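Convention: sequence-line order gives letters A, B, ...; per-chain numbering from 1. The shown structure was predicted, so the numbers you read here are calculated from the model rather than taken from an experiment.
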Number of protein chains: 2
Amino acid sequence: MNRKLAAPVVNAVVLRAAATLDGPRLETLLWRRAKGPEADCWSLPGGFVRDGESLDGAMRRHLLEKVGVSAVGHVEQLDTTSQADTHPELWLLDITHLALIAAGTEPELPPDTSWHPVDGLPSIAFGHADAVARAHDRLRGKLSYSNVAFALTPHRFTVRELAGVYEAVLGYPVDATNLRRVLERDQLIEPTGERRSTGGRPAEEFEFVTRELVVSRPLAAFRAPRGARGRASAPSA
Amino acid sequence: MNRKLAAPVVNAVVLRAAATLDGPRLETLLWRRAKGPEADCWSLPGGFVRDGESLDGAMRRHLLEKVGVSAVGHVEQLDTTSQADTHPELWLLDITHLALIAAGTEPELPPDTSWHPVDGLPSIAFGHADAVARAHDRLRGKLSYSNVAFALTPHRFTVRELAGVYEAVLGYPVDATNLRRVLERDQLIEPTGERRSTGGRPAEEFEFVTRELVVSRPLAAFRAPRGARGRASAPSA
DNA sequence: ACAAAAGTGTTGTTACTACACCCATGG
DNA sequence: CCATGGGTGTAGTAACAACACTTTTGT
C-alpha cells in the first residue's frame, strides 16, 4: 500500500473560569512558538501523537507539560482537520479537543504559554480563533443539560462560586438561588455538610455527586409522552 | 522528522428515516466486506482519504459511491479514533461521521451494502455499534434545537410526514399539531402554498426555509435575563 | 352523507424566572 | 445591633402537551 501518510497532531482549547475585578470570565490557554514558521503566533497548545499512543493519552500528555496533572478535569474531542497545505512535505491531521481546568488551580505555566480572555483574544490566533468559539459554544450547551461544570470548579464550592463559573461561561448573571434548586433537584450537586465563612452568613459547601460527565436532562422540545420515557435523549457531544 | 505516520480513513454512520408497516423507524447503512481480514463483518461505509483531499470531501466521495449524489443532505464529524493495533503494519486513523439521507430517495445500493434498523443491528457490527448509538444520540439532540430534519425529509412534505421522521428518530409518537406550531413559529418550515391529497382532507405542503443547519433555540436552563440576550447559546455539535 | 385525515382552539401542566423576605454570622 | 451575604418561599410567566372540535376532501 504505497500512499502518502499523515502525522496526527492533538491540540486543545483549554478553558477555565477566572474571577476578575469586573466579574468572572472565561479564559483560554495559548502558546506562542519561539521559532519556526509560525513564530510569534499564538496558537493552541498541543503536539504530535506518538506511535501507538491513544489520542486521548497524547492529549493529556501534552496538557500535563503545560498545566500539570491534577488540573485537567475533562477532555473531549471537538473536531479533526486536515492541513495538507501548511507544510509542503508534511500532511498534518489536527485533532482538536476541548479541555477544562478547575478554577483555583494556578498551575506553573511554561514561559511560552499564558491565559487570555475568550472575548478579546490576541488578534494573531489565526485559524484557531474559531476553534475557541466552537469550544465555547459546546461548553455553553453542555452546561445546560449536564454536570460539566464539575471540571471547572474545585472539588468543594459554594453555590455562589458555582454561579460565578456559570456566569463566566454564559456571559450573563445567573441567579444562585435558582441554580442551586435545579442542580440539586437533578442530583448533580449535594451539600457536604461543611460551611464556609464569606463575610456574611456562612455558605453551605457543595460538591458534585459524580466528577464524570453525566447528562442530566433531556432536551426540552418534543419530549416523550407519559409512559414512553425511554433512554434520556441528549447529544453525545 | 523520522516518525511513524498514519493513514486517515473516513467512515460514516449513514442514517435515514424509513416508513414501515409498524410505523417509522431509523435505519443505518452497513457494508459487508467480501474479503480481507474482516470478511463477513458488517461495518460502516467509508475508505481512505486521498493525499490533498479534505476530510469532508473524502467522506462525500465515498458516500457517493454508495448512495449517489443528491441523497446526502448533511454530514458532520462525530469522532476520531486511532487504531494502531488492528493492522500490525498500518496506523489507521478513523474519522467517523454522521451522514443523513433524505427519506424517499431509494438509491441503487451496491450489492455489498444494505439498510439495517438501528434497533436490532446485525450482531456482528463490532466496534462500530457504539458509533451508531452515538450518532443516534447526537441526531436526537439536534432535532430538538435545530432544523436538522431538513436532511431527513424530501424537499417538500406534509406535517404528518415530518412528524413521522421525528418519530423514527425519537422512538415515540409526536403530535403533528404541536410539531407544526413549534417549527413554524421558529421559522424553520413554511407552507409552499401547494396541497396534497392523502385520503382525507388534503394536507398543506411544507418545506424547510433553509436547507443548511440552523440552530433555532437556545437551551432551556439558565437562559439570559431579559435585556442581555446575546448570541444564541447552543452546542456546536 | 359519511369516513378519513388535516387544521384550529383551548385548557392544563411543567418548569423555570424574578424577587421579596427571612436567617446567620462578623464586626 | 447593623451590615453583609446566604437561604427560603412564592407569585408570575413562557412554552409545551393533550385533546376536543372544526374543516375539507374522497367515495
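OP1 or OP2 of D:dT8 sits under 4.0 Å from a side-chain N or O of A:Arg180.
Atom-to-atom, CG of B:Leu179 to C1' of C:dA5 comes out at 17 Å; the value is rounded to the nearest Å. Remark: C1' of D:dG5 and CD of A:Glu204 are 14 Å apart, rounded to the nearest angstrom. The distance from atom CG of B:Leu183 to atom C1' of D:dC16 is 13 Å, rounded to the nearest whole Å. The distance between atom CD of A:Glu184 and atom C1' of C:dC16, rounded to the nearest whole Å, is 16 Å. Rounded to whole angstrom, the span from the CG atom of B:Asn178 across to the P atom of C:dT13 amounts to 16 Å. Put simply, CG on A:Asp186 is 12 Å from C1' on C:dC16, counting in whole angstrom units.
Not a single side chain to side chain donor-acceptor pair (under 3.5 Å) links A:Glu194 to another residue, sequence neighbours left out. For the salt bridge (Lys or Arg N to Asp or Glu O under 4.0 Å) test, residues two or more places apart in sequence or in another chain that qualify with A:Arg180 are A:Glu184, A:Glu204. Under the side chain to side chain contact (heavy atoms under 4.5 Å, CB included) criterion, B:Asp79 pairs with A:Gln77, B:Thr81, B:Arg134, not counting sequence neighbours. Annotation: ring-ring contact (aromatic ring centres under 6.0 Å, His included) contacts of A:Phe157 (sequence neighbours excluded): A:Phe208.
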Scoring nucleotides 20-27 of chain D by protein non-hydrogen atoms under 4.0 Å (B base, S sugar-phosphate only, - none) yields ---BBB--

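Looking at which nucleotide of DNA chain D each of B:Asp175 and B:Arg185 is closest to, the 5′-most match is held by B:Arg185.
Less than 4.0 Å separates DNA chain D from no heavy atom of any residue of residues 159-166 of chain B.
Enclosure of atom CD in A:Glu190 by more than 12 non-hydrogen atoms of other residues, nucleotides or ligands within 6.0 angstrom is indicated.
Sorted by first and then second residue, the side-chain hydrogen bond (donor to acceptor under 3.5 Å, both in side chains) pairs involving residues 157-166 of chain B (not counting sequence neighbours) are B:Glu161-B:Arg196. Applying the ring-ring contact (aromatic ring centres under 6.0 Å, His included) definition to pairs two or more places apart or across chains, none involves residues 182-207 of chain B. The side-chain hydrogen bond (donor to acceptor under 3.5 Å, both in side chains) analysis of residues 17-27 of chain B, with sequence neighbours excluded, yields the pairs B:Arg16-B:Glu27, B:Thr20-B:Asp22, B:Arg25-B:Glu27.
At a cut-off of 3.5 angstrom, the base of D:dG7 holds no donor-acceptor pair with the side chain of A:Arg181.
For A:Arg217, the listed nucleotide lying nearest its side chain is C:dC16; candidates were D:dC16, C:dA18, C:dC16.
Panel note: side chain B:Asp175, backbone B:Thr177; a donor-acceptor pair is recorded below 3.5 Å.
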